[in-house]
Amino acid sequence: MEKVQQIVGRARAAFRSGRSRPLEFRIQQLKALQKMVQEREKEIMRALKADLNKTGPNAFTQEILGVLGELALTMEKLPSWAAPQHVKKDLLTLRDEAFINYEPLGVVLVIGAWNYPFVLVMQPLIGAIAAGNAVVVKPSEVSENTARLVAELLPQYLDKDLYAVVTGGVPETTELLTQRFDHILYTGNSAVGKIVMAAAAKHLTPVTLELGGKSPCYIDKDCDLAVACRRITWGKYMNCGQTCIAPDYILCDPSIQSKVVENIKATLEEFYGEDVKSSPDYERIVNQRHFKRILGLLEGQKIALGGETDEASCFIAPTILPDVSPESKVMQEEIFGPVLPIVTVKSVEEAIEFINLREKPLALYVFSNNKQLIRRVIAETSSGGMTANDVIMHSVLPELPFGGVGHSGMGAYHGRHSFQTFSHHRACLVKDLRWDVVNRVRYPPGSEEIMQL
Amino acid sequence: NPLAGLVSHLQESWLSGKTRPMEYRVAQLEALGRFLDDKKQQILDATASDLGKAPLETELSEILLCKNKLRETLNNLSRWMKDEKVDRTLAMQLDSAFIRKDPYGVVLIIAPWNYPVQLFLVPLIGAIAAGNCVIVKPSEVSKKTERLMAEALPSYLDEDCFAVVTGGVQETTRLLENKFDYIFFTGIPPVGRIVMTAAATHLTPVTLELGGKNPCYVSDTCDVTNVARRVVWGRFFNAGQTCIAPDYLLCTLEMQEKLIPALQKAINDFYGPNPRESPDFGRIVSDKQFQRVQRLLGSGRVAIGGQTDEAERYIAPTVLVDVQPSDPIMQEEVFGPILPIVIIANVDEAIDFINSRERPLAVYAFSSDDKVVNQVLERTSSGGFCGNDTLMHVTLPSLPFGGIGNSGLGTHHGKFSFDTFSHPRGCLKRWMGRESLNAPRYPPYSQRKFGLVQATSKETHKSDRTLL
């Protein structure tokens, strides 16, 4: 494995050459990525299956479809995104040219995560290329098959010097973080997020941190429980709960708790059949470490549904924990697994207070027929993003910025927000060298008449 | 942690939600306007004492500028606060999708000494407008202004939600131990690093308005008189203590010969034959800064000015020639009334010179030839750029103000201030009906269904090819 310093140095030299700047070049690279995804689809899906036991359809819809959509959108919109934006002028600048020039930042570092290992390196990569940068990609070593594949494939389709892949674990990442980048986008947990930002601070490098947290899901008494639970079941148990914006826990009135459990149970049977373990559509926990961690969260908890596990295959059945106490272990960390605690609250006020006493989450969900209530929950809480009456879906709309706030992260990307994140917005004013008459007002010596003006 | 009590009090106020309603924000902003009117004389006196600022300079760059920002903010606040509706995919046509601008919570603003009123109030205006609670820490170097802000300002604002904290390096270090929801810092890069490192421990987002050496390229084809006037104005405003001042000049030897007399004439026109007697020329803020800037006079050779008076902290408007890239004055931001000239052979050499150094807050290029100005723009990188003038790009509120690389991260001014202090929250409101439309996304995924997903994904509009 070549030294990290050399790889980054080569990317910087390649950036300095200027060849990543012309739009035609960027679009050509994006087209090559598109070709890569289309031609090597089977290998990508094989890697995802090996890493997370994701089936073909799951892998396709969760990862590949999103990447292809982002590529198509970016190639279509890039010319308009990249065009200088002329701005409103004032009296003093009427005769001048005033615009915001969108320029590449330089060399961008993208650190991916293991739960959606393909899309979480590809989507930032697409944005960084579109903005004209050189990019170093560091896929997560936990999803090792996808990491290996990305390292093999990218150099076959993209400019090798401008876009590089660094594989490895903590030592390689630490080494990478000592280098100077012009932007770092990190997806992962808050603890490492702090390390990344501290390393970035040494070089005054701006960062986008896509972290996590406990995304609350409030179910109002006034709502179609069957539909709500269906949607929640889908979002919670997809990828075996290993989704940063999965509904982490439920808040609801005690009177509807058992109905919620019933509805989720019915939906689970519909989705995965009576024997979840044999359903090809149900994934596994990524590794033993996380398996044990999630198991630990079940200690001492009442189980309303599920609870079966199989260590050998890292299988944890879809599980619901009723009447969970806010102080319990399962309420202290992001679950990132197929375990759904229900915390009962007597009112929406209590729910809002509960949410606000905790770290700001990446996503927030509220189910209700009452529009006023929904408006209130949005207005009185803070979260990275949110969806009402569904889960996950706000992250699917490219026009919405995707990112966290507080402990769940900073900055955002997706669609045009990626382009903006990876560009420098340079304020430009070009004046005429003649016509200094207008400027006389501002020059000393100052006098009362001028002050009156 | 001496300020823990204050910070937690503000956090409580934030959680109470009182800073969110528009009426509240407007009331606080209007109070700031009254502060500027009531205390105008005190502001003029304080800045005159701290920096020897001429009344005209203070009126323009501190008071009037803040009043304009206030007016602009009050006029636009309701529009800025509105949810930003976004385009939806075909599948989401009946949903409501928008970006909500949420306040962050408790914001910390650290202000510098060079424009102690403007660089204190302008970020504060943005933070209040965005619905936050704010702690502001003025610079201890501009002592009189610090005292004015700490004593007079709090009574104009809601003391449950806004506070002014004073102190030096030690107090600021303690202050940074607290958790804030946003930190806005204006100052020098080394301290910017310290602030960002402290922010990292709490995952606090930051905007850092730093500095650097802003190059000013003057081509051989230009109106020398006008260039000289614009450069002199930008360089010697506030005795050179401006983050976006042209820091050094790049030109050919021939141009230098023409420029020197033109610069001298402009200085005479602006400040008279003895600038020390001009009420329009400022002073260096402190003894420490005076000594630092005075040392830089040793680089190259004095072509204009060079006189100093330690008692008054006066340094004459000075131009240095025969400056080498390795000279001390070329190693740090000048931040004083000295303009070094570095000779280059042509525009390509100038561009290479600029690009071999840290990216500055501003790049200036003067030429009667548009193509030359554009070349410098296209081939360099900086926070902002101004062709054929100095400083002016930051006076247009529709342009973002900020640095890149060592000169900073993030932007503000105008709507960008409001946006800087707001979290853009992606919101999607769906309805419980039409559940059948969701069917394709649910397991079990039979081959048939999978085929359907692939087929419909190819048929819908290109940009809709996302998860149904």
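In what follows, every chain begins at residue 1, and chains take the letters A, B, ... in the order their sequences are listed. Just so we're clear, the structure is a prediction, and the values are computed from it rather than from any experiment.
Both the backbone and the side chain of A:Ser383 have a heavy atom closer than 4.5 Å to some heavy atom of chain B. Both the backbone and the side chain of A:Ser190 come within contact range of chain B, each with at least one heavy atom under 4.5 Å from a heavy atom of that chain. For a residue to count as touching a neighbouring chain, one of its non-hydrogen atoms must lie under 4.5 Å from one of that chain's; by this rule A:Asp432 touches chain B with the backbone only. When heavy atoms are compared at a cutoff of 4.5 Å, A:Leu92 approaches chain B solely by way of its side chain, counted from C-beta outward. Looking at A:His183, there are no atoms closer than 4.5 Å to chain B (heavy atoms on both sides), in backbone or side chain. Of the two parts of A:Ala412, neither the backbone nor the side chain holds a non-hydrogen atom closer than 4.5 Å to a non-hydrogen atom of chain B. For A:Leu357, no part lies near chain B; criterion is any non-hydrogen pair under 4.5 Å. Using a 4.5 Å cut-off between heavy atoms, A:Arg21 contacts chain B through its side chain alone, with no backbone atom that close. Within the 4.5 angstrom heavy-atom criterion, no atom of A:Leu71 approaches chain B. Interface remark: A:Glu359 contributes side-chain atoms only to the contact with chain B (heavy atom separation under 4.5 Å). For chain B, the nearby parts of A:Phe99 are the backbone and the side chain; heavy atoms of each come within less than 4.5 Å. In this structure, the portions of A:Thr381 lying under 4.5 Å from any heavy atom of chain B include both its backbone and its side chain. A:Ile374 touches chain B through its side chain: at least one heavy atom from C-beta onward sits under 4.5 Å away, while N, CA, C and O do not. Heavy atoms closer than 4.5 Å to chain B are found nowhere in A:Ala199, neither backbone nor side chain.
Ion pair A:Asp390/B:Lys429 not flagged as a salt bridge, since none of the NZ, NE, NH1 or NH2 atoms sits closer than 4.0 Å to an Asp/Glu carboxylate oxygen. Between A:Lys360 and B:Asp102, none of the side-chain N atoms (NZ, or NE/NH1/NH2) sits under 4.0 Å from a carboxylate O, so this pair counts as no salt bridge.
B:Arg430 and A:Thr387 form no side-chain donor-acceptor contact under 3.5 Å, judged by distance and modelled atom types alone. Between the side chains of A:Ser382 and B:Arg100, not a single donor N or O lies within less than 3.5 Å of an accepting N or O.
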Test B:Glu72 against A:Lys88 for salt bridge (Lys or Arg N to Asp or Glu O under 4.0 Å), laying out the working first.
-> CA-CA 13 Å; B:Glu72 183 204 6; A:Lys88 196 169 135 194; over 6 Å; no

Apply the test side-chain contact (heavy atoms from CB on, under 4.5 Å) to residues A:Met410 and B:Tyr104: give CA-CA distance (whole Å), side-chain angles for both, the deciding distance (0.1 Å), then the verdict.
-> CA-CA 11 Å; A:Met410 59 183 78; B:Tyr104 274 107; over 6 Å; no

Apply the test salt bridge (Lys or Arg N to Asp or Glu O under 4.0 Å) to residues A:Arg416 and B:Asp87: give CA-CA distance (whole Å), side-chain angles for both, the deciding distance (0.1 Å), then the verdict.
-> CA-CA 12 Å; A:Arg416 66 183 161 95; B:Asp87 285 341; over 6 Å; no

Please report the C-alpha distance between B:Arg20 and A:Glu380 in whole Å, then the side-chain angles of each, then the deciding distance to 0.1 Å, and finally whether the salt bridge (Lys or Arg N to Asp or Glu O under 4.0 Å) criterion is met.
-> CA-CA 9 Å; B:Arg20 288 182 184 255; A:Glu380 293 178 25; over 6 Å; no

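The one candidate from A:Arg230, A:Glu270, A:Met238 that meets the side-chain contact (heavy atoms from CB on, under 4.5 Å) condition with B:Tyr442 is A:Arg230.
Each of B:Pro189, B:Gly403, B:Cys386 has some count of heavy-atom pairs under 4.5 Å with chain A, and the biggest count is that of B:Cys386.
Residues satisfying the ring-ring contact (aromatic ring centres under 6.0 Å, His included) criterion with B:Phe98, sequence neighbours excluded, are absent altogether.
Here the straight-line distance linking atom CG of B:Asn374 with atom CD of A:Glu97 works out to 7.0 Å at 0.5 Å rounding. Between B:Arg230 atom CZ and A:Lys431 atom NZ the span is 7.0 Å, to the nearest 0.5 Å.
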